[in-house]
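Since the structure comes first, as structure tokens, the remarks are kept for the end.
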Amino acid sequence: MQITDSLATLVSQALESAQASGSLPAAGDVDIKIERPKLAQHGDFSTSLPLALARSMRMAPIKIAEAIAAAVPENAIVGSVNHAAPGFVNFTLSTAWMQSQVDVVREAGENFGSVDIGAGKSVQVEFVSVNPTGPLHVGHARGAVIGSSLANVLAAAGYEVQREYYVNDAGNQMRVFYDTLYSRYMQAAGHDVPLPDPAYPGEYLQDLAADLLKDLGDGAVSKEKPEAIADLAPESLKRTLEHIRGVLGKLGVSYDQWFHESDLLTSGRFDEVLNLLDDADLVVERDGAKWFAATKLGLEEDTVIIRSDDGGPTYFGTDIAYHHEKFIERKFDRVINVWGADHHGHIARMKALLQALGLDPDRLTIILNQIVNFKNEGESLKFSKRNNVMVTVEELLEEVGADSCRFTFLSRSPESHMEFDLGLAKTQSSENPVYYVQYGHARMASILRTAAERKITYESADLSLLTHDRELELIRKIIELPTVVERAAERLEPHHLPHYAMELARSLQRFYEDCRVLSSEEGDLEISMARLQLVEAAKVALSRTLKLMGMSSPERM
RNA sequence: GCGCCCGUAGCUCAGUGGAUUAGAGUAUCUGGCUUCGAACCAGAGGGUCGGAGGUUCGAGUCCUCCCGGGCGUACCA
């Protein structure tokens, strides 16, 4: 149970007992919100419930606050309760309780910070899902970082999480890709085959074609184009996906499943779902194409499911089957898709579709991450696959490093239109907040190492010696982690993690500055032992936070 | 035109679903290393929260309008 939940219960009990004793009048159902005051002098937690009750109780809020504060029952967590103008009840945590938490954190170890709001419900997080037509470029990194961290957070919050990459291996883009690959392959074999129009640009395809020629031989050269492509396609897809998988791995991203769009077509699921829609009278034929009749569901316009030119499904068409598969076949309680903001027009259609399939649209959540504006030394960079100006994720990682990259993307909320200055990220490395956070971890590790070298054991420490302001400040910050995880999971906002990490590292550095852990003085052994336990707890909390962010927790730097 | 998103310190960004005196990093300036790691700590300056109305006892947060920017508005994905 979270501290805030415990406090809410206490407030609820206080309210009831004050009403029972007649010091407060009756009130309707109330939602007790526990907040964190901005100023330390107002305590650790507060509630503005009296302000909300003032109207229905027809009493001055300050009087209500006074009555509630006086009625809070005795308990282990709260040290003192006060009321303050204009109508707050402020709580200060009990010192003894905080001290006891050091042990709780150490015992929880790498599980510290976990909560159980998910209650084992299954949730799928689908992210990146870039067309397998070449290397990932920097614009894809943001969604990768957000999606993977979000998955970590949800797992820590008690959900059964599945991480998925949707491989679009069946659409028009792939056709263009393979057409271009064919030309490049033939060119590599010395034949003058022009590029198709449109064609995929970039050196990647030339390199891939040359590799295929080298590794598979020139057997496809003498074949007709469709047969040649059939020969080359599987291997090119495999290699491209391997490359993508490798780069994402370097970025700290991994998946439980790579789901292929083509499977939806070969398995018959696409046709099946199309029939379902047809039965619901939501498919119309017009201009030789088949449309999803979204206007019948109140949307602005219909959307094509099957093209008129070749009878193939559109991206949205297979996406219908894909989401049907997610909810009906795989039975996910919730599905979260992380999309680039340029796909936002797709959301209303998807939601309408779920409704048409008889599914609650709220089970699908789309997280849009805004396009990243990359700069170099203050100058804006425009990327495009078409005009071949791009920086790959691989290059980004070489320049900036995975941890720094993750921290930077993660510390902005997805909807912010963030700027990423590549030059700055490189040159500012030592001022980068990521190093501040990791340095804190390395420093705690160093203290524990030194303690081990000096053969200091501290299992039997007396935690009641931890009374210094900096020690208590650190404990307060450490035990905040479960609340942070809960909030990040509830709101699907992993960006709270790096901000918490900064605060924790700061509390830790301030503690280090004012509280000597290892002393050469004989009489200091008792306090050293207690502080070593605190250091260990702090390291546990910071390490877990870094892990949730998909970052490393260095023992040395 | 319409739709979605954004506008908070010089710069990059938070702000816990309305609440006690708007925060952090960075940059600038000042001070601090003889014992555990100075990639650190302490302090200072820097804000009409894009603008104007409105709701409210109370608005950076909710509503309306305006200004500025990004992205959509495909039988591409």
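To find a chain, count down the sequence lines: A is the first, B the second, and so on, and within it residues start at 1. Not measured: the values here are computed from a predicted model.
Residues A:Arg443 and A:Gln509 bring a donor and an acceptor atom of their side chains to less than 3.5 Å of each other. Judged by distance alone, the side chains of A:Asp403 and A:Gln438 do bring a donor and an acceptor atom under 3.5 Å apart. With 3.5 Å as the limit, one finds no donor-acceptor pair spanning the side chains of A:Asn337 and A:His343. Residues A:Ser262 and A:Asp169 bring a donor and an acceptor atom of their side chains to less than 3.5 Å of each other.
Residue A:Met502 is classed as a sugar-phosphate contact, given heavy-atom separations below 4.0 Å to backbone atoms only. Heavy atoms of A:Asp310 sit nowhere under 4.0 angstrom from any nucleic acid atom. Looking at heavy-atom distances under 4.0 Å, A:Met418 makes contact with sugar-phosphate atoms alone, never a base. Across all strands, A:His343 comes closer than 4.0 Å to base atoms (heavy-atom distances). Within the 4.0 angstrom heavy-atom criterion, no nucleotide atom of any strand lies near A:Asp514. At a threshold of 4.0 angstrom between heavy atoms, the contacts of A:Phe420 with the nucleic acid are absent. When heavy atoms are screened at a 4.0 angstrom cut-off, A:Ser413 is found touching the sugar-phosphate backbone but no base atom. Counting non-hydrogen atoms under 4.0 angstrom, A:Glu300 reaches nothing in the nucleic acid. Contact annotation for A:Lys38: backbone-only contact, meaning every heavy-atom pair under 4.0 Å involves sugar-phosphate atoms and none involves a base. Counting non-hydrogen atoms under 4.0 angstrom, A:Ala341 reaches the backbone sugars and phosphates but no base. Among the atoms of the strands shown, only primed sugar atoms or phosphate atoms (P, OP1, OP2) are found under 4.0 Å from some heavy atom of A:Arg506. Within 4.0 Å (heavy atoms only), A:Ser416 reaches sugar-phosphate atoms of the nucleic acid but no base atom. At the heavy-atom level, A:Thr450 lies under 4.0 Å from the strands shown only through sugar-phosphate atoms. Backbone-only contact: A:Arg510 has heavy atoms under 4.0 Å from sugar-phosphate atoms and none from a base.
One atom, CD of A:Glu513, and another, P of B:G32, lie 14 Å apart when rounded to the nearest Å. With rounding to whole Å, A:Arg175 atom CZ is found 8 Å from B:C76 atom P. One can place CG of A:Leu448 at 11 Å from P of B:G37, the figure rounded to the nearest angstrom. Rounded to whole angstrom, the span from the CG atom of A:Leu534 across to the P atom of B:C36 amounts to 19 Å. Between the CD atom of A:Glu555 and the C1' atom of B:G37 there is a distance of 14 Å, given to the nearest Å. Here B:U16 presents its P atom at 13 Å from CD of A:Glu503, a figure rounded to the nearest Å. Atom NZ of A:Lys375 and atom P of B:U12 are 6 Å apart (whole Å). Going from atom CZ of A:Arg36 over to atom C1' of B:G18 covers 19 Å, rounded to whole Å.
Side-chain atoms of A:Glu415 lie closest to B:C6 of the nucleotides B:C6, B:C36, B:C71. Closest approach to the A:Glu301 side chain among B:G72, B:U73, B:C40 is made by B:U73 (side chain taken as heavy atoms from C-beta onward). Each of B:U35, B:G37, B:G17 was ranked by its minimum atom distance to the side chain of A:Arg454; first place goes to B:U35. For A:Arg55, taking side-chain heavy atoms from C-beta onward, the closest of the listed nucleotides B:C36, B:C57, B:C71 is B:C57. For A:Arg443, whose side chain is taken as the heavy atoms from C-beta onward, the closest listed nucleotide among B:U16, B:U20, B:C40 is B:C40. In the set B:A19, B:G25, B:C4, B:A19 carries the atom at the smallest distance from any side-chain atom of A:Leu51. Listed nucleotides B:A39, B:A77, B:C5 differ in distance to A:Gln370; the shortest reach to its side chain belongs to B:C5. Checking B:U12, B:C76, B:C75 against the side-chain heavy atoms of A:Asn172 singles out B:C76 as nearest. Across B:U20, B:U16, B:C76, the shortest atom-to-atom separation from the side chain of A:Arg307 is found for B:C76. Checking B:C6, B:C40, B:C36 against every side-chain atom of A:Val517, the shortest atom distance belongs to B:C36.
Between B:G37 and A:Ser446, a contact under 4.0 Å exists linking OP1 or OP2 to a side-chain N or O. Contact annotation: A:His495 side-chain N/O to B:G15 OP1/OP2 distance is under 4.0 Å. At the phosphate of B:A14, neither OP1 nor OP2 sits under 4.0 Å from any side-chain N or O atom of A:Tyr500. Side-chain nitrogen and oxygen atoms of A:Tyr439 include at least one within less than 4.0 Å of the OP1 or OP2 phosphate oxygen of B:A39. Contact annotation: A:Tyr436 side-chain N/O to B:C41 OP1/OP2 distance is under 4.0 Å.
With P as the reference atom, B:C62 and B:G15 are 12 Å apart, rounded to whole Å. Comparing the C1' positions of B:C63 and B:G43 gives an interatomic distance of 43 Å, to the nearest angstrom. Distance noted for atom C1' between B:C40 and B:C33: 10 Å (whole Å). Spacing of P atoms, B:A24 relative to B:A77, comes out at 49 Å, to the nearest Å. If you take atom C1' in B:G31 and the same atom in B:G68, they sit 43 Å apart, rounded to whole Å. Going from the P atom of B:U30 to that of B:C66 covers 50 Å, rounded to whole Å. For the P atom pair drawn from B:U26 and B:A39, the interatomic distance equals 14 Å after rounding to whole Å. Nucleotides B:G45 and B:G7 are separated by 27 Å at their P atoms, to the nearest Å.
B:G37 makes up no base pair with any nucleotide shown, lacking Watson-Crick or G-U wobble contacts both under 3.5 Å. Under the Watson-Crick and G-U wobble criteria, each requiring two contacts below 3.5 Å, nucleotide B:G68 is paired to B:C6. Pairing partner, B:U48: none, since no Watson-Crick or wobble contact has both distances short of 3.5 Å. In this structure, B:G25 forms a base pair with B:C11, meeting either the Watson-Crick or the G-U wobble geometry with both donor-acceptor distances under 3.5 Å.
With salt bridges taken as basic N to acidic carboxylate O contacts below 4.0 Å, one links A:Glu471 and A:Arg531. With respect to A:Asp302 and A:Arg286, a salt bridge is recorded, a charged nitrogen being found less than 4.0 Å from a carboxylate O. The pair A:Glu513-A:Arg510 does not count as a salt bridge, with every side-chain nitrogen at least 4.0 angstrom from each carboxylate oxygen. For A:Glu536 and A:Lys539, the salt-bridge test fails: no basic side-chain N is under 4.0 Å from an acidic carboxylate O.
Side-chain atoms of A:His344 and base atoms of B:G3 include a donor and an acceptor less than 3.5 Å apart.
Between A:Tyr166 and A:Ser129, the shortest heavy-atom distance links the atoms N-OG, 3.0 Å.
When the nearest nucleotides of RNA chain B are assigned to A:Ala442 and A:Ser411 by heavy-atom distance, the more 5′-ward of the two goes with A:Ser411. A residue-by-residue look at A:Cys515 and A:Ser129 shows that A:Cys515 has its nearest nucleotide of RNA chain B further toward the 5' end.
Within 6.0 Å of NZ in A:Lys63 there are 12 or fewer heavy atoms belonging to other residues, nucleotides or ligands.
Ring-base stacking between A:Phe88 and B:U20 is satisfied, the centre separation being under 5.5 Å and the plane angle under 30°.
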